[in-house]
Novice: 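Dumping the structure here so I can ask a few things about it.
Heads up: numbering here begins at 1 and tracks the sequence. Computed from heavy atoms alone, side chains included, the values below leave out hydrogens, waters and symmetry copies.
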Amino acid sequence: MTQCLIAQERVIIKLDGGMTPVLNENFGTHKYNQIITTGTDSSSISKIYDLKNRLFSQTKEKYNEELGYNEAIISKYDTLQNLISSEIKNVDNGSFVRVFLDEEKVVSRLEFTKGESNGENYKLYMGESETPIAIGPTNPMDPSPSFEQEEFFKFLSQTLQYPSQARSERETGTAIVAIEVNKNGEVINYHCENEDSIHPSLSKEAIRVIKKFDPQFNPAYGIFGEPVAGTFKIPIRFKLS
């Protein structure tokens, strides 16, 4: 009897609360540990644990030879290690079907498709229903902006200023501003999700401009179809010519 051994590479990455790799060891930024195991066949398993060593999520990725694309199966768990969602994703184009569970029962399903002809499209279903309660180009389980993108981009071009300190130090980067919205659609907080990886003046300026714009939102849908609090993210890019 012969035994085949598959070489594997194992990498451990520290993550902050927004699942972004921790670049600076500032106190309190490290919230999760990601362990990535890669096989010689390019398949991989990523497991994310909190600091109490509880499994938060697991992603198994491999090439689906039958369907002809890279596929990921993503499972997420609560603090008691109960499965709360399961997702099958086409890694190549981002399309996915995500099922939400409560005590092992399907309570809702989110589908996202991305095509060349019809663009991006989300559909949210309750239980086993085949009639969506929400459909559109943005994820209904995130707060949805009630302003037009063109309006925001125009305001951004007129208002955003490159901080002098960052300019003099030739600092560039993209600030990811997270806008926390309550279940009534009201903005309750702003923060920069990747402040450890960009110059402080860039994150400060990005937040200043978005606060001045005063964005308005519709609340997100929860897994039972109810309005819930959520976070909307806006990337603000700073680039020197």
Side-chain angles (χ1 to χ4, degrees), residues 15-22 29 31-32 48 56-57 74 76 84-85 87 89 93-98 100 107-114 119-126 132-161 173-239:
L15 305 175
D16 62 18
M19 297 298 168
T20 302
V22 174
T29 58
K31 302 295 184 182
Y32 299 94
I48 297 178
F56 176 81
S57 69
I74 305 167
K76 292 189 176 181
I84 56 174
S85 71
E87 175 182 328
K89 181 177 182 178
N93 68 10
S95 299
F96 65 79
V97 176
R98 184 181 304 153
F100 298 92
V107 293
S108 54
R109 181 176 82 257
L110 179 66
E111 297 182 358
F112 171 68
T113 56
K114 186 175 182 180
E120 299 183 352
N121 192 41
Y122 288 88
K123 294 180 181 179
L124 178 63
Y125 302 84
M126 291 292 103
I133 65 167
I135 182 171
T138 60
N139 187 344
M141 304 191 84
D142 290 331
S144 58
S146 56
F147 56 88
E148 296 294 332
Q149 281 191 353
E150 292 77 10
E151 176 190 1
F152 173 71
F153 290 142
K154 181 180 179 180
F155 178 86
L156 194 65
S157 65
Q158 296 173 343
T159 312
L160 188 68
Q161 300 176 6
T174 300
I176 309 298
V177 178
I179 306 172
E180 298 174 29
V181 180
N182 67 19
K183 66 179 182 180
N184 297 317
E186 301 165 335
V187 175
I188 57 174
N189 190 36
Y190 301 84
H191 71 273
C192 182
E193 200 167 69
N194 62 329
E195 62 181 0
D196 289 331
S197 60
I198 63 172
H199 194 276
S201 66
L202 299 183
S203 60
K204 184 177 180 180
E205 173 62 11
I207 292 175
R208 181 194 72 83
V209 170
I210 293 178
K211 278 186 175 181
K212 188 171 183 179
F213 180 70
D214 189 24
Q216 304 297 307
F217 295 89
N218 300 308
Y221 280 94
I223 65 172
F224 299 101
E226 79 285 15
V228 295
T231 301
F232 187 86
K233 300 176 185 179
I234 299 180
I236 304 294
R237 186 183 182 191
F238 293 87
K239 181 181 179 181

Novice: Between the main-chain N or O of N184 and the side-chain N or O of N182, is there a donor-acceptor pair closer than 3.5 Å?
Specialist: yes

Novice: Quick check for you: to the nearest 0.5 Å, what is the distance between N139 atom CG and E120 atom CD?
Specialist: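 Going from CG on N139 over to CD on E120, the span is 10.5 Å.
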
Novice: Would you say that E205 contacts F238 through its side chain, given a criterion of any heavy-atom pair below 4.5 Å between the two side chains?
Specialist: yes

Novice: Nearest heavy-atom pair of K114 and N93: which atoms, and what distance?
Specialist: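 Answer, listing the atom of K114 first, then N93: CD-O, 3.2 Å.
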
Novice: Is the closest side-chain heavy-atom distance between P145 and F232 below 4.5 Å?
Specialist: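 Yes, at least one pair of side-chain atoms sits under 4.5 Å.
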
Novice: Quick one: pull up NZ in K183 and CD1 in I188 and give me the separation to the nearest 0.5 Å.
Specialist: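 Spacing of NZ (K183) from CD1 (I188) equals 11.5 Å.
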
Novice: Between S95 and T113, what is the shortest heavy-atom contact and its length?
Specialist: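 Closest pair (atom of S95, atom of T113, distance): OG-CA, 3.6 Å.
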
Novice: Can you check whether Y221 reaches I133 side chain to side chain, under 4.5 Å on heavy atoms?
Specialist: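 A side-chain contact exists here, since the closest heavy-atom pair is under 4.5 Å.
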
Novice: Would you mind reporting whether P219 and V181 have side-chain heavy atoms less than 4.5 Å apart?
Specialist: no

Novice: May I ask you to test the R208-T159 pair for a side-chain heavy-atom distance under 4.5 Å?
Specialist: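 With C-beta onward as the side chain, the pair touches.
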
Novice: Determine whether a donor-acceptor pair (N or O, by modelled atom type, separation under 3.5 Å) exists between the side chain of Q216 and the backbone of D214.
Specialist: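 Answer holds: yes.
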
Novice: Say you draw a straight line from CZ of R98 to OG of S108; how long is it, rounded to the nearest 0.5 Å?
Specialist: 10.5 Å

Novice: Quick one: closest heavy-atom pair of I210 and Y190, and the distance?
Specialist: CG2-CE2, 3.7 Å

Novice: Could you measure the distance from the CD1 atom of I135 to the OH atom of Y122? Nearest 0.5 Å is fine.
Specialist: 13.0 Å

Novice: Parallel under 30°, tilted from 30 to 60°, perpendicular over 60°: which one fits the rings of F217 and F147?
Specialist: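 Because their plane-to-plane angle is over 60°, the rings of F217 and F147 count as perpendicular.
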
Novice: Does the side chain of N218 come within less than 4.5 Å of P227's, by heavy atoms?
Specialist: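 Not in contact.
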
Novice: For D16 versus Y32, what's the shortest heavy-atom pair and its separation?
Specialist: O-CD1, 3.6 Å

Novice: Rounded to the nearest 0.5 Å, how far apart are OG1 of T20 and NZ of K31?
Specialist: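 Here the interatomic distance stands at 13.5 Å.
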
Novice: Is there a side-chain contact between E180 and H191 in this structure, where contact means two heavy atoms from C-beta onward sitting under 4.5 Å apart?
Specialist: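 Side chain of E180 against side chain of H191, heavy atoms only: contact under 4.5 Å found.
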
Novice: Would you say the side-chain atoms of N194 pair up with the backbone N or O of T174, donor to acceptor, closer than 3.5 Å?
Specialist: yes

Novice: Which heavy-atom pair separates P143 from G230 by the least distance, and what is that distance?
Specialist: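 For P143 versus G230, the nearest heavy atoms are CG-C, 3.6 Å.
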
Novice: Write down the atom of M19, the atom of F56, and the distance for their closest heavy-atom approach.
Specialist: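 For M19 versus F56, the nearest heavy atoms are CE-CE2, 3.4 Å.
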
Novice: Going by side-chain contact (heavy atoms from CB on, under 4.5 Å), I236 matches just one of I198, L156, I207, I176. Which one?
Specialist: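 One option only clears the test, and that one is L156.
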
Novice: Measure up the F155 and F213 rings against each other and bin them: parallel (under 30°), tilted (30 to 60°), perpendicular (over 60°).
Specialist: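 Tilted: the ring planes of F155 and F213 meet at 30° to 60°.
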
Novice: In the structure I gave you, are the side-chain heavy atoms of I223 and M141 within less than 4.5 Å of one another anywhere?
Specialist: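 They are in contact (side-chain heavy atoms under 4.5 Å apart), so the answer is yes.
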
Novice: Starting at NZ of K212, measure out to CG of L160 and round the result to the nearest 0.5 Å.
Specialist: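 The distance works out to 11.5 Å.
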
Novice: Indicate yes or no for a side-chain donor-acceptor contact from E226 to the backbone of F224 under 3.5 Å, with no hydrogens or angles considered.
Specialist: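 Checking the backbone N and O of F224 against the side chain of E226, a donor-acceptor pair under 3.5 Å is found.
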
